[in-house]
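In each ligand, atom 1 is the first atom listed, and ligand 1 is the first ligand listed. None of the values given here were measured: they were computed from a predicted structure.
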Amino acid sequence: MKISKEMTAAINDQIKAEYDSAYIYLGMSAWFESEGLSGMAHWMRKQYGEEIEHTEKFIKYLYERGARVIIPGVDKPKESYASALEVFQTAYKHEQYVTERIYKLVDQALAEKDYATQSMLKWYVDEQVEEESSAEAIVSKLECLGDSKQALYMLDKELGGR
Ligand code: FEO
């Protein structure tokens with residue numbers, strides 16, 4: 001069964017959202033480097049890599065369905081942040097936004113009775129649980145640190161092990 005034009009367009013749109021996510025994290029990584037927090041910078045670069053994988057998974061799926069992939073332009077990410085806490089809060093909110101987008105894709109696949117797309121999206125539904133949870137866990141840790149520079153550098157070291 002052929003994938004619909006509407007579903008193809010929605011997945012292409014999500015490909016852009018995943019590339020934008022990758023760039024948001026790459027921008028966060030650059031900010032952490034400029035702040036001397038190389039562990040957090042490393043964590044964000046890993047996250048960037050994951051987003052590229054998410055993108056490529058969607059691209060491969062569209063090819064498998066014989067659909068046209070449109071390689072999008074990417075939005076310029078934010079350059080600076082007030083604190084490490086603000087960065088991870090932003091990342092957490094961003095992941096919640098991505099989850100909403102994935103759920104909308106699931107809704108559309110259900111409405112179209114596109115079982116193949118529903119099945120493919122299950123991986124993303126599960127992945128989003130992990131994505132939200134890892135960002136939220138770091139937000140909680142940063143909230144506990146308060147203004148302690150020493151604790152911040154210890155957390156930085158921990159996140160460098162990702
Ligand atoms: Fe591709 Fe972090 O969602």
Side-chain angles (χ1 to χ4, degrees), residues 3 6-33 35 37-65 67-110 112 114 116-143 155-156 158-162:
I3 189 168
E6 293 76 15
M7 201 70 239
T8 301
I11 293 175
N12 268 305
D13 220 39
Q14 187 61 23
I15 288 170
K16 174 170 169 46
E18 299 287 350
Y19 271 130
D20 283 338
S21 302
Y23 260 59
I24 287 169
Y25 294 129
L26 197 59
M28 289 173 171
S29 174
W31 183 79
F32 278 129
E33 283 290 355
E35 292 291 304
L37 293 163
S38 59
M40 292 183 187
H42 167 82
W43 194 96
M44 283 298 174
R45 268 196 309 280
K46 284 265 176 183
Q47 194 58 34
Y48 160 79
E50 283 208 0
E51 298 304 340
I52 296 292
E53 278 173 29
H54 297 171
T55 304
E56 285 171 355
K57 232 173 149 64
F58 275 123
I59 290 175
K60 183 165 174 274
Y61 177 72
L62 283 185
Y63 287 154
E64 278 170 357
R65 299 291 308 270
R68 180 75 166 94
V69 169
I70 307 295
I71 302 299
V74 183
D75 292 342
K76 183 181 184 301
K78 191 170 144 83
E79 270 176 39
S80 60
Y81 295 87
S83 63
L85 177 60
E86 193 204 348
V87 177
F88 279 98
Q89 280 170 334
T90 306
Y92 178 43
K93 262 191 222 138
H94 183 72
E95 287 305 328
Q96 289 175 311
Y97 160 74
V98 174
T99 300
E100 271 173 38
R101 293 190 58 109
I102 298 290
Y103 287 1
K104 275 190 193 147
L105 286 174
V106 174
D107 286 341
Q108 187 174 339
L110 285 167
E112 291 189 20
D114 180 342
T117 300
Q118 284 172 41
S119 171
M120 178 275 292
L121 287 170
K122 191 186 172 302
W123 184 88
Y124 287 90
V125 170
D126 295 342
E127 176 74 0
Q128 281 311 119
V129 173
E130 207 186 296
E131 293 275 87
E132 283 193 32
S133 143
S134 60
E136 191 187 15
I138 299 169
V139 167
S140 299
K141 283 184 184 176
L142 283 163
E143 281 170 347
L155 180 61
D156 182 63
E158 183 191 321
L159 296 182
R162 180 180 183 184

Before accepting this row, confirm whether a basic side-chain N of the pair E100/K104 lies closer than 4.0 Å to the acidic partner's carboxylate O.
->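 Answer for the salt bridge query: no.
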
Examine Y124 together with F58 and report whether their ring centres are nearer than 6.0 Å.
->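 Between Y124 and F58, the centre distance is under 6.0 Å.
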
Measure from the side-chain N and O atoms of S21 to the backbone N and O of A17, and report whether any donor-acceptor pair falls under 3.5 Å.
->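 Here the side-chain-to-backbone pair exists.
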
For Y81 and F88, indicate whether the former's side chain and the latter's backbone hold a donor-acceptor pair under 3.5 Å.
->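 Between the backbone of F88 and the side chain of Y81 there is no qualifying donor-acceptor contact (under 3.5 Å).
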
Could you tell me which N, O or S atom of E51 is nearest to atom 1 (Fe) of ligand 1?
->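 Closest to atom 1 (Fe) of ligand 1 among those atoms: OE1.
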
How is the N/O/S atom of H54 that comes nearest to atom 1 (Fe) of ligand 1 named?
->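 Checking each N, O and S atom of H54, the shortest distance to atom 1 (Fe) of ligand 1 belongs to ND1.
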
Please find out if atom 1 (Fe) of ligand 1 and some N, O or S atom of E127 are separated by less than 2.8 Å.
->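 No - counting backbone and side chain alike, E127 has no N, O or S atom under 2.8 Å.
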
Is E18 close enough to atom 1 (Fe) of ligand 1 to have an N, O or S atom under 2.8 Å?
->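 Yes, within the cut-off.
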
Nearest non-hydrogen partners of V139 and Q89, listed with the distance |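 Closest approach of V139 to Q89, heavy atoms only: CG2-N, 3.7 Å.
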
Is the distance from atom 2 (Fe) of ligand 1 to the nearest N/O/S atom of E50 under 2.8 Å?
->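 No, since none of the N, O or S atoms of E50 sits under 2.8 Å from atom 2 (Fe) of ligand 1.
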
With atom 2 (Fe) of ligand 1 as the reference point, give the N/O/S atom of E131 that is nearest.
->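 Within E131, restricted to N, O or S, atom 2 (Fe) of ligand 1 is closest to atom OE2.
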
